Protein chains: 2
Amino acid sequence: MGASTPRPGVPVRGSESGRPVMAALDLLGRRWTMRILWELSQAPAGFRELQRRCERMSSSVLSTRVEELTGARLLTLDGDGYRLTQLGRDLVESLSPLAAWSQRWAEEMGPATAGGPE
Amino acid sequence: MGASTPRPGVPVRGSESGRPVMAALDLLGRRWTMRILWELSQAPAGFRELQRRCERMSSSVLSTRVEELTGARLLTLDGDGYRLTQLGRDLVESLSPLAAWSQRWAEEMGPATAGGPE
DNA sequence: CATAGTGATTCGGAAATCGAAGCAGGAGGT
DNA sequence: ACCTCCTGCTTCGATTTCCGAATCACTATG
């Protein structure tokens, strides 16, 4: 399988520079990645429970994502299932302003799009 | 074209809840989306210049992303090209802790993965 | 042996992405 | 008018990613 875990300092998909933030954007910009981190920040979970929490996402992709995130040292697997490392918790915490922003976004978008979807 | 812009309050790919943060994660979790916002936060750019800055990403996807982000009120197109709206600037700002985190990530990963890829 | 749980893989089909080429329109020059 | 160069943007076949049901290997329990 061709999936490689983005690493800071190594050129990644869409970035030849290898700048850490670009590697992060590459890693996070993959389907389900942020959702997985988000869910695990709520509580650790086993493979199947994690799959359930993520709207029953496909196990093949979950397996790939888990491998990537483990390789990026954001996840570990122990007796209780998958859990965030300290680095992973820090990442989710750095993402937390996004939740506040999305609230304002909702307030801005809600009234303006009341007309209907497209 | 089947692309629909995620909106807070509307169930999106990978989320039946429609919670704003899930809509945001869906929108941002698409290839090139965060990169485009990141680049435009540096300076406004026209279509082709934006494409150049994003490692010559495919024009078809750029067109789709630009449409999504415009629909989400994060982008506008004027005489100078594409630029972030206030909402878009706020989003990028809420993402800025990510840059700091990625630095620590790089420090943590660099030495630890000197052994080789995978 | 049977059952049930775990994490994880296989594989055919669907969807997203890629990328080179081209379209339509505007500005400037001759 | 015509040609050239720029713009934002579309088309379409090829490639990559993602999906999802079935399945594997392993462990534990009975």
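Note that the structure is predicted; figures quoted are calculated from it, not measured. In the text below, chain A, chain B and the rest are named by the order of the sequence lines, each starting its count at 1.
For the pair A/Q51/A/S58, no side-chain contact is recorded, criterion being any heavy-atom separation below 4.5 Å from C-beta on.
Per the geometry, CZ belonging to B/R35 stands 16 Å off P belonging to C/dT17, to the nearest Å. Following rounding to the nearest Å, A/M57 (CE) and C/dT9 (C1') show an atom-to-atom distance of 14 Å. Taking atom CZ of A/R30 as the reference point, atom P of D/dT16 lies 14 Å away to the nearest angstrom. For the pair A/R52 CZ and C/dG7 C1', the interatomic distance rounds to 13 Å; values are reported in whole Å. One can place CG of A/L62 at 10 Å from P of C/dG7, the figure rounded to the nearest angstrom. Rounded to an integer number of Å, the gap from B/I36 CD1 to C/dT17 C1' is 13 Å. Taking atom CD of A/Q51 as the reference point, atom P of D/dC18 lies 15 Å away to the nearest angstrom. We find that CG of A/D80 is positioned 15 Å from C1' of C/dG7, with the value rounded to whole Å.
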Return a table of donor-acceptor pairs under 3.5 angstrom between the side chains of residues 36-48 of chain B and protein atoms on other chains or two or more places apart.
unit_1: B/E39; atom_1: OE2; unit_2: B/R35; atom_2: NE; d: 2.8
unit_1: B/E39; atom_1: OE2; unit_2: B/R35; atom_2: NH2; d: 3.4
unit_1: B/S41; atom_1: OG; unit_2: B/W38; atom_2: O; d: 2.6

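Residue A/R65 has a polar side-chain atom (N or O) positioned under 4.0 Å from OP1 or OP2 of D/dC18. Residue B/S58 has a polar side-chain atom (N or O) positioned under 4.0 Å from OP1 or OP2 of C/dC18. OP1 or OP2 of C/dC18 sits under 4.0 Å from a side-chain N or O of B/R31. Applying the 4.0 Å criterion to OP1 and OP2 of C/dA16, one finds that B/W32 has every side-chain N and O outside that range.
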Taking only N/O atoms, report every protein-nucleotides 20-26 of chain C pair under 3.5 Å with atom names and distance.
unit_1: C/dA20; atom_1: N6; unit_2: B/S59; atom_2: OG; d: 3.3

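Under the side-chain contact (heavy atoms from CB on, under 4.5 Å) criterion, A/T76 pairs with A/R83, A/T85, not counting sequence neighbours.
For A/V61, counting side-chain heavy atoms from C-beta on, the closest listed nucleotide (D/dC18, D/dG20, D/dT10) is D/dC18. You'll find that the side chain of B/L77 is closest to D/dG8, out of C/dG7, D/dC19, D/dG8.
Sorted pairs that involve residues 54-79 of chain B and meet ring pair (Phe, Tyr, Trp, His ring centres under 6.0 Å), not counting sequence neighbours, are lacking altogether. Residue pairs that meet the side-chain hydrogen bond (donor to acceptor under 3.5 Å, both in side chains) test with at least one member in residues 90-104 of chain B, sequence neighbours left out, are A/D90-B/R104, A/R104-B/D90, B/Q86-B/D90.
The CZ atom of A/R19 sits 9.5 Å away from the CG atom of A/L25 when rounded to the nearest 0.5 Å.
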